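Order of the sequence lines sets the chain letters (A, B, ...), proteins ahead of strands, with each chain counted from 1. Note that the coordinates shown come from a computational prediction; the quantities given were computed from them, not determined experimentally.
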2 protein chains.
Amino acid sequence: MVTLKDISRDVGLSITQVSRALGGHTDVNAATRERVQLAATRLGYRPNAIARSLKTGRSGIVAMIVAGSRDPDSNAHLFEIVMGLSAEISALGLQFVLHVGQPGADVVKLHTELYRSGGIDGFVIIGPSPADQRIKCLTDLGAPFIVHGRDPEQPHPFVDIDNFDVGRTMADHLLSLGHRRIAFLNGPLSEFFAIQRQRGVDAAFAAHGLSVDPALIRSITMIEPQGRSAARDLLQLDNPPTAIIAGNTMIARGVYHAAADAGVSIPGDLSVLAHDDGLELFPAVGFQPPLGGTSAHLSAAWISLSADLKQIIAASKTPMHNRILDLTFDKGSATQSILVDRSMRVGP
Amino acid sequence: MVTLKDISRDVGLSITQVSRALGGHTDVNAATRERVQLAATRLGYRPNAIARSLKTGRSGIVAMIVAGSRDPDSNAHLFEIVMGLSAEISALGLQFVLHVGQPGADVVKLHTELYRSGGIDGFVIIGPSPADQRIKCLTDLGAPFIVHGRDPEQPHPFVDIDNFDVGRTMADHLLSLGHRRIAFLNGPLSEFFAIQRQRGVDAAFAAHGLSVDPALIRSITMIEPQGRSAARDLLQLDNPPTAIIAGNTMIARGVYHAAADAGVSIPGDLSVLAHDDGLELFPAVGFQPPLGGTSAHLSAAWISLSADLKQIIAASKTPMHNRILDLTFDKGSATQSILVDRSMRVGP
DNA sequence: CGCCAATTCCGAAACGTTTGGGATCGCCGC
DNA sequence: GCGGCGATCCCAAACGTTTCGGAATTGGCG
């Protein structure tokens with residue numbers, strides 16, 4: 001291993017001066033700096049990350065801890081998250097450690113021990129839920145962290161979208177088209193984002209002087225098979241929905257399949273909207289008719305998340321740095337006014 | 001942060017002795033050790049990983065570097081790998097850093113720089129291909145590493161299955177049933193495992209005095225949609241195959257769908273075998289009729305891989321520690337003798 | 001009483017880096 | 001001639017741990 005000492009010997013300077021030369025300090029002669037840099041590249045010097053960490057107290061490592069699970073479905077989104085996040089964090093010159101706990105491991109304890117053993121500058125937390133203690137734990141520890149999503153009940157740094165608006169916007173659009181029996185294939189209500197979306201849907205109904213039919217609300221794992229079977233159930237009801245809001249595009253894909261299976265035409269018999277996370281690994285392509293709904297790309301979240309976390313780490317005191325990303329709405333071609341729908345069927 | 005110094009002050013011993021007490025050395029009084037341990041837990045001491053790393057030269061961190069890619073398909077297996085590997089490595093008390101490079105980044109350079117900057121004890125390499133330089137690079141660096149799969153052209157530590165045998169076994173079984181037009185939906189030939197499987201298939205044909213029809217060999221990304229479209233193509237040939245070997249169960253799923261789409265019955269009109277990686281996130285369930293073929297669980301690979309890597313790191317000189325995991329074969333219920341097939345169709 | 005060995009302890013150095021507080025030198029202005 | 005200043009350099013301490021070599025205390029034994 002090539003160290004500062006090797007360089008200092010080579011160029012005949014003190015270790016101090018070599019360190020300053022490479023570190024870009026001012027009190028070093030331009031010619032000297034040149035000489036040092038040349039020697040450094042010639043010898044193939046790479047600063048020792050560990051020694052630097054010990055001295056500076058920063059390791060440049062951020063961690064994400066996920067609870068191991070024997071249930072494959074619960075990992076549905078994780079790949080997208082892990083890959084996107086890791087890429088952004090790597091791009092910022094930080095290291096990303098992924099810690100997959102044993103099933104049933106105490107996640108709070110893992111965070112605590114990992115932080116207390118030094119070596120981790122900060123954490124990323126995803127999918128906060130009312131029950132979990134991770135945010136409180138890290139706040140108490142004084143550890144830098146950032147949350148994807150948010151816990152509305154306590155202040156903390158986060159990057160999120162307006163999930164209330166997601167539910168409200170899509171429900172409102174369908175209500176305005178005259179739909180009344182609107183189903184909502186929501187994500188797991190154990191997480192805040194799904195709770196907020198449900199509230200948004202409720203609010204849209206309330207604004208129209210209506211209320212949702214609980215029989216049309218489902219909380220499911222957000223993958224295609226689950227969406228398919230939930231949609232099949234809904235379409236077999238005595239009084240089936242005329243519209244379905246899907247929590248994401250994978251669920252929507254299941255809805256399209258279920259509709260095809262049941263001989264239900266979209267948008268003729270059934271209007272569909274979905275929230276689109278802009279997944280790169282499961283792209284929302286091939287929907288016929290083209291799917292509409294709210295949209296916010298997760299990739300944008302990873303970029304913000306990484307940059308903000310880096311900033312939070314740099315600032316010793318945690319700023320309540322949070323960010324709500326833009327949401328767009330496109331009505332797509334998979335919805336139809338329920339009045340137009342009927343008149344057209346009656347017509348020519 | 002609680003350090004050894006804090007404990008030493010608390011119990012009135014030297015830092016040395018505290019370190020020895022906690023480290024389980026012999027030259028410390030049993031009563032003293034007790035006192036020290038109590039103080040350590042009372043104060044909430046956690047050894048500083050960075051200081052320890054600096055002194056011992058080991059960080060307990062292993063890394064996997066994957067080339068970023070804009071092509072979602074190329075990441076098909078990665079999730080399974082990342083989650084499985086990370087879980088096993090975490091379970092061994094090591095940290096797993098996942099570095100997702102920018103698309104087009106120089107992967108060899110990333111390995112080199114990461115290793116040279118200290119802080120990484122070893123690497124995991126997956127999917128070796130004839131072109132890539134990673135193994136040579138790490139060997140030259142003297143960095144501990146282990147490969148999932150192998151490069152038959154150079155010695156290195158690895159964990160692998162006998163992919164030649166995968167191809168040979170399945171082809172042989174179908175040939176023995178009388179099949180002659182056997183298609184092979186292989187993985188990407190850029191990787192060694194697929195090359196070996198192809199050689200195995202070729203060998204089985206040769207052993208029967210036959211040779212494969214190149215028109216029935218496809219090299220595809222190993223996911224369902226690709227399998228489905230490849231199978232559709234094959235079934236539309238003037239002289240379609242009577243059997244298909246799928247590189248994994250996701251491809252097989254595509255084959256089942258394509259067969260259903262084409263009105264081809266399994267195993268009546270088409271025999272199917274597949275290699276089963278025992279994926280936990282995409283389990284091979286719901287095949288009707290039950291799918292057969294060779295099988296080797298990836299989860300076993302992660303366990304071996306992690307344990308072996310840990311051992312390689314502990315031993316300063318890299319042992320050529322390699323391991324070939326067991327392969328099982330089950331004929332399943334998706335194959336049929338081609339003679340029986342015809343006689344039954346002609347019969348009652 | 002003196003010697004040896006076992007037991008238990010500690011000082012100090014080391015890992016490679018960063019950085020605060022000087023040191024040295026030449027030069028200017030008074 | 002001298003204080004001061006800017007430019008350039010270096011010593012030494014520090015981060016928290018491990019570990020080598022030795023020191024102090026005790027007990028046994030000749």
Spacing of B:L54 atom CG relative to C:dA13 atom C1', expressed in whole Å: 13 Å
B:D6 CG - D:dT17 C1' separation (whole Å): 13 Å
Side-chain (A:R134) to main-chain (A:I126) donor-acceptor, under 3.5 angstrom: yes
Sugar-phosphate, base or nothing in reach of B:L13, heavy atoms under 4.0 Å: sugar-phosphate
Sugar-phosphate, base or nothing in reach of A:T26, heavy atoms under 4.0 Å: nothing
Which residue lies more 5' along DNA chain D, comparing A:V18 with B:A51 via nearest heavy atoms: A:V18
Interatomic distance where CG belongs to A:N48 and C1' belongs to D:dC15 [whole Å]: 13 Å
Length of the line joining A:R58:CZ and C:dT18:C1', which is rounded to integer Å: 14 Å
Under 3.5 Å donor-acceptor, B:R35 side chain and B:A30 backbone: no
Touch class at under 4.0 angstrom, heavy-atom based, for B:D27 against every strand present: base
Nucleotide nearest A:K55 when distance is taken to its side chain, options C:dT17, C:dG21, D:dT8: C:dT17
N or O in side chain of A:T56 less than 4.0 angstrom from C:dT17 OP1/OP2: no
Rounded interatomic separation in angstrom, taking CD from A:E34 and P from D:dT8: 14 Å
side-chain contact (heavy atoms from CB on, under 4.5 Å) between B:M64 and B:F96, worked out: CA-CA 8 Å; B:M64 185 171 85; B:F96 175 72; 3.9 Å; yes
Base D:dG16 paired with B:T3 side chain (donor-acceptor, <3.5 Å): no
Closest nucleotide among D:dT19, C:dT19, C:dG16 to the B:S19 side chain: D:dT19
Selection from C:dG16, D:dT17, D:dT8 that lies nearest to any side-chain heavy atom of A:Q17: D:dT8
Between C1' of C:dT17 and CD1 of B:I50, the distance in whole Å: 12 Å
Between D:dT17 (C1') and B:H25 (NE2): distance, integer Å: 11 Å
Degree of bending in the helix from C:dC1-D:dG30 to C:dC30-D:dG1 once both end axes are built from five pairs, to 10°: 80°
All pairs passing salt bridge (charged side-chain N to carboxylate O under 4.0 Å, His left out) where residues 1-20 of chain A contributes a residue, at least two apart: A:D6-A:R9, A:D10-A:R42, A:R20-A:D27
Length of the line joining A:R52:CZ and C:dT19:C1', which is rounded to integer Å: 14 Å
Closest non-hydrogen atom pair between A:S306 and A:I89, with its separation: OG-CG1, 3.7 Å
Residue B:I15, side-chain heavy atoms: nucleotide from C:dT18, C:dT19, D:dT17 that is nearest: D:dT17
Spacing of A:H99 atom NE2 and A:L114 atom CG [to the nearest 0.5 Å]: 7.0 Å
Pair of N/O donor and acceptor under 3.5 Å linking D:dA12 base with A:T16 side chain: yes
Closest listed nucleotide, where the reference is the side chain of B:S14 and the choices are D:dC9, C:dC10, C:dT8: C:dC10
Selected nucleotide, minimal atom distance to B:R20 side chain, candidates C:dG20, D:dT8, D:dT19: D:dT19
A:E113, CD atom: more than 12 neighbouring heavy atoms under 6.0 Å: yes
Reported OG-to-CD1 distance for the pair A:S53 and A:I61, which is rounded to 0.5 angstrom: 6.5 Å
Polar side-chain contact A:R46-C:dG16 base: donor and acceptor under 3.5 Å: no
